[in-house]
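Below is one structure, written out as structure tokens; the observations come after it.
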Amino acid sequence: MSDDWGKRTKLVHHGARRSQYGEVAEAIYLTQGFVYPDAEAAEARFLQSGADEFIYARYGNPTVAVFEERIAALEGTEDAFATASGMAAVSGALTAMLRAGDHVVSSRALFGSCLYVLEEVLTRYGVVVTFVDGTDLDQWRAALRPDTKAVFLETISNPTLEVIDLKSVAELAHGVGALVVVDNVFATPVFSRAVALGADVIIYSATKHIDGQGRALGGVICGTRDFIRKTVEPFMKHTGGALSPFNAWIMLNGLTTIDLRVRAQAASAQAIAQALDADPRLARVIYPGLENHPQHALARAQMDGFGTVLALDLKGGKEAAFRFLNALQVAVISNNLGDARSIVTHPATTTHQRLPDDLKQTLGITPGLIRLSVGLEDTADLIADLRRGLDMI
Ligand SMILES: *Cc1c(COP(=O)(O)O)cnc(C)c1O
């Protein structure tokens with residue numbers, strides 16, 4: 001059965017249900033609710049709904065359920081809960097599990113909105129958060145306390161692609177009984193070994209590689225059945241961050257090709273990083289697949305691939321960066337990642353604009369830094385495009 005299937009087979013078929021019409025593609029159940037055959041059935045379903053029994057789309061929906069089962073099978077967790085966006089997943093998972101007085105240790109190098117949730121939102125409700133340099137195990141060790149309920153980290157940080165030693169952080173966290181919550185977008189569900197390394201809760205913005213074509217927002221929280229159904233579901237179903245059935249259908253279609261896409265994009269990222277690594281106009285090319293990356297060995301040990309994003313640090317600061325961006329003809333200037341289109345971003349003036357200058361410096365977000373999310377175009381065209389940009393600075 002399904003459990004013995006390989007990854008690609010699961011990505012195409014796992015969790016599929018067919019209606020009486022026997023449709024080939026998954027049906028989109030665009031309905032807010034469900035009709036009960038009689039009053040007794042309604043009463044029984046509100047008391048306890050069985051498998052494939054639904055009440056209201058904010059609680060669950062057949063199309064969304066297929067997506068949840070398929071992504072859980074891919075990640076290797078018992079269960080998953082789909083959300084309206086990646087941030088609904090991050091804020092939902094953390095808010096569902098924490099209460100006033102709880103302590104959280106988090107890596108400082110976070111996606112801007114994750115940093116906002118930890119620094120500005122959770123603290124408002126009495127959660128105490130300690131930020132550490134995620135790559136420094138001594139800082140994790142020093143920050144963990146007997147009352148630490150969770151640690152939060154991005155396994156590969158955005159945008160400077162530092163790799164955190166998930167296995168060691170998980171061992172330290174489990175030593176004080178804390179749950180390990182991982183925002184795993186950059187590692188991607190294709191390359192993730194997060195469960196084996198000790199992560200308890202794994203979160204994806206499905207907006208990124210899962211859709212992979214820049215169409216829709218979505219997110220997902222993966223974890224044990226107990227955590228998903230007893231902690232996450234009650235919170236999410238009453239607070240409203242449900243994934244729409246239409247977006248679940250888009251994400252299901254994304255999953256059928258994600259393995260092929262992400263592997264092709266990562267191979268292209270590796271080739272681009274190698275082609276540009278020695279370019280004298282660049283202070284640094286940052287990609288975990290390059291041997292000169294400070295955590296290259298760690299990245300190799302904890303992932304099945306090095307990801308689809310790289311960073312270029314241009315000599316000549318913001319002026320050089322803008323000239324470079326404005327000269328590109330293939331890669332587009334935007335801020336998504338994991339898309340089929342290659343996307344270039346200038347973090348210092350866009351995604352990370354809000355950060356104070358000293359924190360930007362600590363995180364390595366220099367004025368010359370460009371983030372490149374590698375798409376599915378021909379690698380040779382991308383290298384030529386990036387060289388055209390470099391020629392303009
Ligand atoms: C994009 C992203 C998010 C947020 O996802 P949305 O779908 O945009 O809400 C969270 N974490 C990381 C690392 C991301 O890249």
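Atoms considered below: every heavy atom in the structure, side chains included; atoms not considered: hydrogens, waters and symmetry mates. In each ligand, atom 1 is the first atom listed, and ligand 1 is the first ligand listed.
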Of all the atoms in ligand 1, which lie at a distance below 4.0 Å from a heavy atom belonging to T207? 6 (P), 7 (O)

Quick check: M87 and ligand 1, any N/O pair under 3.5 Å apart? yes

Under 3.5 Å, is there a donor on one side chain and an acceptor on the other for N336 and R341? no

With distance as the sole test, does H293 use its side chain to make a donor-acceptor pair with the main-chain N or O of G289 at under 3.5 Å? no

As a check for students: among D183, V309, L217, identify the option with a heavy atom nearest to atom 13 (C) of ligand 1. D183

Within the side chain of T308, is there an N or O that forms a donor-acceptor pair under 3.5 Å with the backbone of G338? no

Without hydrogens or angle criteria, can the side chains of N184 and T155 be said to hold a donor-acceptor pair below 3.5 Å? yes

Does an N or O anywhere in S205 fall below 3.5 Å from an N or O of ligand 1? yes

With a cutoff of 4.0 Å, is A206 in contact with ligand 1, counting heavy atoms of the residue only? no

Gap between atom CD1 of I164 and atom CG of L197 - 0.5 Å precision: 13.0 Å

In ligand 1, the atoms that come under 4.0 Å of a heavy atom of G218 are 7 (O)

List ligand 1 atoms under 4.0 Å from G86, heavy atoms only on the residue side. 5 (O), 6 (P), 7 (O), 9 (O)

When you measure from the side chain of T31 to the backbone N and O of G33, does any donor-acceptor pair fall under 3.5 Å? yes

the protein heavy atom lying closest to atom 4 (C) of ligand 1 turns out to be F111 CE2, 3.5 Å

Where do P189 and I210 come nearest, in terms of heavy atoms and distance? CG-CG1, 4.0 Å

Atom 2 (C) of ligand 1: nearest protein contact (heavy atom, Å): K208 NZ, 2.4 Å

